[in-house]
Structure formats: C-alpha cells, structure tokens
Amino acid sequence: EVRAGRKTRGFIYLTYTIPDDPDQKVLPVRLYVPTSYDPEKPMRTILALHGRSVSQNYFWADTQSAIVQYRTLESFAEEYGYIVVTATAYLVEGEYGDVTNIPYMMHPAWTEVDEETKRLRILSEKSPLTALDLVKSLYNVDAEHLYLMGNSMGGKATLFLGNKYADMWDAIAPCGMMVNMKLIGENLYPNLVDMPLLFVEGTEDQYGFDLAVENFNILKTYLNNTQFYAAPGGVHNTGWCIALPKIFEFFNANY
C-alpha cells in the first residue's frame, strides 16, 4: 500500500533504479491514478511509451503544448477507470531494447549499432517494465488487464515489446510510426498474430501517412486481429492524442 502521507490519486511522481544497472541511474515515473481508484479492487492499467529524445512528460497536456487543445489522456483515464503509467526511458533514443535496429518506415536500410549502444538499449527496454513493476508494488494493478501504447519510437516499441512480452497485454496501440515492412519482408512479430492491435496514424503526419498505410497493408497480411485508424488532421505529435477516443474504445472492447 502507498505509505501514509503520499498523494494516492491524480498525478503521481516517483523515481526508481534498474536493479542490474551498474550506474544506478535514477529514472522518473509519472502516472495518473483516477479518483475512482479503490485499493481493494484491481484497476486496468496502460503503459505508454514516449518517442525519441523526449520524456515521460510527452503524453501530458501540461508539458506538451502541441496537445493542449485536445481532450487529455488523464480525462479518458478518469472516465473509464485506468491507471496510466509513463516512464522516461534509460536512453531517450534507446529504442526500448531493439538492438537489431528494425528500420523505420522511411528508412531505406538496416543499420548496425555498437556494443555500448546495445547495452544502453537493453537498459532502455527494462526501464518502462521496471517502472510498471514499481507501480504494481504501490497500487492494485490488474495484471490480467494491461494495455500498451506509444508514439513514434514508442509506437515502434509497442510492436517490439508487445511481441516480446505478448502474454502481458490484452491489446496494444502503436501510434505515429510503423516499421518498414517492404524492407523487412517477413513477420518479425509472430506473437502478435492474434493480438488485438490498433494502428494509429495522423493524416497529416510529416513522416508519411501514405507510407504508413502501405506498410500497414503489408503487416496486416501476417496478423489476424488488427485495425488502422486515420486520425483526422493529426501530425506526428498529435495523431495519437486525436485518436484517444478510438484507443480507449478499443481497449474497452478488449477487456
């Protein structure tokens, strides 16, 4: 239980270290806990993965000016009864553990990463999962009903971590960035074949809405339970936010 005197609902700010990190780097966690939270009842929880070179604050309107005009993530969490966990990755460009460097949809080739980068990327994979474990230790998280989403690098990582830890998630929603399926030519996500997936792309995404549609059409040939949502007027940093009504509808349907 959360110790006496600590705020237990609304925005909560925590820190943690990864147990096997030799540097014991202190990392931040920001979560939203609905006012309806009852410590006697497990609550559905979303883990949200930020994009490259930003932080846990990316998802929240008080720290991300591009989304202040849209309905906020915390308002949906409040309405539908979800804890939402955001954590700054160990390396903010660390690909959440993808040491193979799966190419983004606009990249024409695979590239190699050096051993030190691989080490930091592995820690970057552990960081959001360690943060989620911390939240589980403090709150009655419904471990049977977890959801994963992310934007940009976090969207690509939603596929990567969704596949690697497929048994953890009821459904996943990768947003704002898709892998280059034309370059890959195979299904890198065998554990997602039957996973409920909602791909989100802003219609005005500067990295290429048409590319996203093209790559989705390839990827869906490998997957049995996937949807695509075009967020009207969304650019790279706002498509996911515009799509929040659809994302929560999707998560609610896969409970």
Side-chain angles (χ1 to χ4, degrees), residues 31-32 34 42-51 59 71 73 75-87 96-98 102 105 125 128-129 132 135-136 141-179 181 184 186-203 205 209 212-232 234 239-255:
L31 61 147
Y32 185 81
M43 181 164 272
R44 296 177 292 179
T45 298
I46 298 168
L47 177 62
L49 306 175
H50 67 75
F59 289 100
R71 186 179 170 192
L73 176 57
S75 73
F76 283 96
E78 183 72 32
E79 178 178 353
Y80 293 111
Y82 288 81
I83 296 171
V84 179
V85 180
T86 61
Y96 293 102
D98 175 19
I102 297 167
M105 64 183 183
E125 174 183 332
L129 300 175
L132 181 59
V135 175
K136 287 179 179 178
V141 168
D142 187 347
E144 298 301 314
H145 297 293
L146 297 174
Y147 303 85
L148 183 65
M149 64 175 287
N151 189 64
S152 194
M153 180 186 77
K156 187 156 79 79
T158 298
L159 286 171
F160 177 75
L161 296 180
N163 179 74
K164 188 168 184 178
Y165 302 98
D167 290 344
M168 287 181 62
W169 320 110
D170 273 4
I172 68 174
C175 309
M177 186 56 62
M178 299 193 55
V179 295
M181 291 306 301
I184 295 167
E186 61 178 305
N187 183 18
L188 294 180
Y189 311 107
N191 298 325
L192 298 181
V193 168
D194 295 313
M195 171 74 71
L197 280 94
L198 174 66
F199 290 95
V200 171
E201 192 74 22
T203 59
D205 193 310
F209 176 77
V213 172
E214 188 176 359
N215 281 281
F216 170 76
N217 285 334
I218 297 171
L219 190 56
K220 75 176 183 179
T221 65
Y222 301 109
L223 306 174
N224 296 328
N225 192 6
T226 187
Q227 304 174 38
F228 184 90
Y229 180 70
W240 69 271
C241 188
I242 293 169
L244 283 174
K246 182 69 173 180
I247 292 171
F248 275 84
E249 174 188 316
F250 179 72
F251 286 167
N252 289 337
N254 289 284
Y255 174 61

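Nothing here was measured: the structure is a model prediction, and the numbers come from that model. Just so you know, residue 1 is the first one in the sequence shown, and it goes up from there.
For the side chain to side chain donor-acceptor pair (under 3.5 Å) condition, the pairs that include at least one residue of residues 221-231, sequence neighbours left out, are Asp194-Asn224. Applying the salt bridge (Lys or Arg N to Asp or Glu O under 4.0 Å) rule to pairs touching residues 214-228 yields Lys182-Glu214, sequence neighbours excluded. For the salt bridge (Lys or Arg N to Asp or Glu O under 4.0 Å) condition, the pairs that include at least one residue of residues 161-171, sequence neighbours left out, are Glu125-Lys164.
Inter-residue side-chain proximity for Met195 and Ile172 is flagged as met; some heavy-atom pair is nearer than 4.5 Å. Between Phe59 and Val84 the shortest side-chain heavy-atom distance does not fall below 4.5 Å. Leu146 has its side chain within reach of Leu132: a pair of non-hydrogen atoms, C-beta onward, lies under 4.5 Å apart. Here the side chains of Thr45 and Val85 are in contact, with some heavy-atom distance below 4.5 Å.
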Tabulate below the donor-acceptor pairs under 3.5 Å that side-chain atoms of residues 148-163 make, not counting sequence neighbours, or state none.
{"unit_1": "Asn151", "atom_1": "ND2", "unit_2": "Tyr58", "atom_2": "OH", "d": "3.0"}
{"unit_1": "Asn151", "atom_1": "ND2", "unit_2": "His236", "atom_2": "O", "d": "3.2"}
{"unit_1": "Ser152", "atom_1": "OG", "unit_2": "His236", "atom_2": "NE2", "d": "2.8"}
{"unit_1": "Lys156", "atom_1": "NZ", "unit_2": "Glu95", "atom_2": "OE1", "d": "3.1"}
{"unit_1": "Lys156", "atom_1": "NZ", "unit_2": "Asp98", "atom_2": "OD2", "d": "3.4"}
{"unit_1": "Lys156", "atom_1": "NZ", "unit_2": "Ile102", "atom_2": "O", "d": "2.8"}
{"unit_1": "Thr158", "atom_1": "OG1", "unit_2": "Gly150", "atom_2": "N", "d": "3.2"}
{"unit_1": "Thr158", "atom_1": "OG1", "unit_2": "Gly154", "atom_2": "O", "d": "2.7"}
{"unit_1": "Asn163", "atom_1": "OD1", "unit_2": "Asn191", "atom_2": "N", "d": "2.8"}

Q. Given the rule in the side chain to side chain contact (heavy atoms under 4.5 Å, CB included) test, do Tyr32 and Leu73 qualify, once you have shown the distances and angles that lead to the verdict?
A. CA-CA 9 Å; Tyr32 185 81; Leu73 176 57; over 6 Å; no
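In plain terms, the two heavy atoms of Pro128 and Leu49 that are nearest each other are CB-CD2, 3.8 Å. Across all non-hydrogen atoms, the minimal contact from Ala230 to Thr203 is CB-CG2, 3.8 Å. For the pair Pro196 and Phe250, the tightest heavy-atom approach, listed with the atom from each and the gap, is C-CZ, 3.4 Å.
Phe216 is linked by a ring pair (Phe, Tyr, Trp, His ring centres under 6.0 Å) to Phe199, Phe228, counting only residues two or more places apart in sequence or in another chain. Partners of Asp205 by salt bridge (charged side-chain N to carboxylate O under 4.0 Å, His left out), not counting sequence neighbours: none found. Partners of Thr86 under the side chain to side chain donor-acceptor pair (under 3.5 Å) rule, at least two apart in sequence or in another chain, are Trp60. Remark: Tyr96 engages His50 in a ring pair (Phe, Tyr, Trp, His ring centres under 6.0 Å) (not counting sequence neighbours). The salt bridge (charged side-chain N to carboxylate O under 4.0 Å, His left out) check on Lys246 picks up Glu249, with sequence neighbours excluded. Residues forming a side chain to side chain contact (heavy atoms under 4.5 Å, CB included) with Asp142 (at least two apart in sequence, or on another chain): Pro42, Glu144, His145, Tyr255. Listed by chain and residue number, Ile184, Leu188 satisfy the side chain to side chain contact (heavy atoms under 4.5 Å, CB included) test with Glu186 (two or more places apart in sequence, or in another chain).
Side-chain N or O atoms of Arg44 include one that pairs as donor or acceptor with a backbone N or O of Tyr80 at under 3.5 Å.
Paired with Tyr147 under the rule ring-ring contact (aromatic ring centres under 6.0 Å, His included), one option of Tyr82, Phe76, Trp169 passes, and it is Tyr82.
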